[in-house]
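Atoms considered below: every heavy atom in the structure, side chains included; atoms not considered: hydrogens, waters and symmetry mates.
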Amino acid sequence: MTELTSKLEQAIEYGDMDRVLKLIEAKADTNYRQAWPLHLACRNGMNNMVRLLLDHGTSPATWTSSLKYAIDCCSIETVELLLKSNAQT
């Protein structure tokens, strides 16, 4: 894990969307470890964070795991976002 991805992970855990966006702009890899940042956002029910990550190129290729986290967190909006995203890939 690089320093940028470590900082990205922390920013997602804290729900700091501004910091996440800055890290993405600094080229932090949002697809490392099978899109782990997306999994974190889904696991924590962060719908806006999920949208931000998807909008900036995070691959929903491992969407099944992310979808499981979203379902486990009872986040219907996140489930819908992931299903829609997968349909577009």
Side-chain angles (χ1 to χ4, degrees):
M1 179 184 319
T2 69
E3 183 179 347
L4 280 178
T5 54
S6 177
K7 289 179 179 180
L8 178 66
E9 196 171 295
Q10 290 173 346
I12 291 169
E13 288 284 353
Y14 289 120
D16 188 343
M17 300 226 355
D18 291 333
R19 183 77 175 135
V20 168
L21 184 56
K22 287 178 185 175
L23 289 164
I24 289 171
E25 290 170 349
K27 305 295 185 212
D29 182 8
T30 61
N31 289 303
Y32 79 97
R33 287 183 45 204
Q34 298 181 312
W36 181 248
L38 183 61
H39 298 315
L40 287 176
C42 290
R43 182 183 71 193
N44 292 317
M46 299 173 165
N47 299 325
N48 290 334
M49 188 73 71
V50 169
R51 183 175 286 113
L52 176 72
L53 291 168
L54 291 172
D55 287 348
H56 287 86
T58 303
S59 173
T62 56
W63 70 280
T64 304
S65 296
S66 297
L67 187 59
K68 180 190 176 314
Y69 284 128
I71 291 169
D72 288 347
C73 293
C74 301
S75 178
I76 293 170
E77 183 180 349
T78 301
V79 169
E80 289 173 346
L81 270 171
L82 290 168
L83 290 174
K84 181 179 177 185
S85 179
N86 187 53
Q88 295 174 354
T89 61

Student: If I take atom OH from residue Y32 and atom CG from residue L4, how far apart are they, to the nearest 0.5 angstrom?
Tutor: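 CG of L4 is found 11.0 Å from OH of Y32.
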Student: State which residues pass side-chain contact (heavy atoms from CB on, under 4.5 Å) with N48; sequence neighbours excluded, sorted by chain then number.
Tutor: M17, R51
Student: Given side-chain contact (heavy atoms from CB on, under 4.5 Å), test D29 with T2 step by step and report yes or no.
Tutor: CA-CA 9 Å; D29 182 8; T2 69; over 6 Å; no
Student: Evaluate the criterion side-chain contact (heavy atoms from CB on, under 4.5 Å) for residue pair I24 and L53; output intermediate values, then yes/no.
Tutor: CA-CA 9 Å; I24 289 171; L53 291 168; 4.1 Å; yes
Student: Distance from M46 atom CE to I12 atom CD1, nearest 0.5 Å?
Tutor: 8.0 Å
Student: Could you go step by step and tell me if T30 and L38 meet the side-chain contact (heavy atoms from CB on, under 4.5 Å) rule?
Tutor: CA-CA 8 Å; T30 61; L38 183 61; over 6 Å; no
Student: At their closest point, which heavy atom of L8 faces which heavy atom of A28, and how far apart are they?
Tutor: CD2-CB, 4.2 Å
Student: Distance check, rounded to the nearest 0.5 Å: L40 atom CG versus E13 atom CD?
Tutor: 5.0 Å
Student: Strictly by side-chain hydrogen bond (donor to acceptor under 3.5 Å, both in side chains), give each pair with a member in residues 14-26 just once, sequence neighbours left out.
Tutor: none
Student: So, for A11 and L23, which heavy atoms are closest and what is the spacing to 0.1 Å?
Tutor: CB-CD1, 4.2 Å
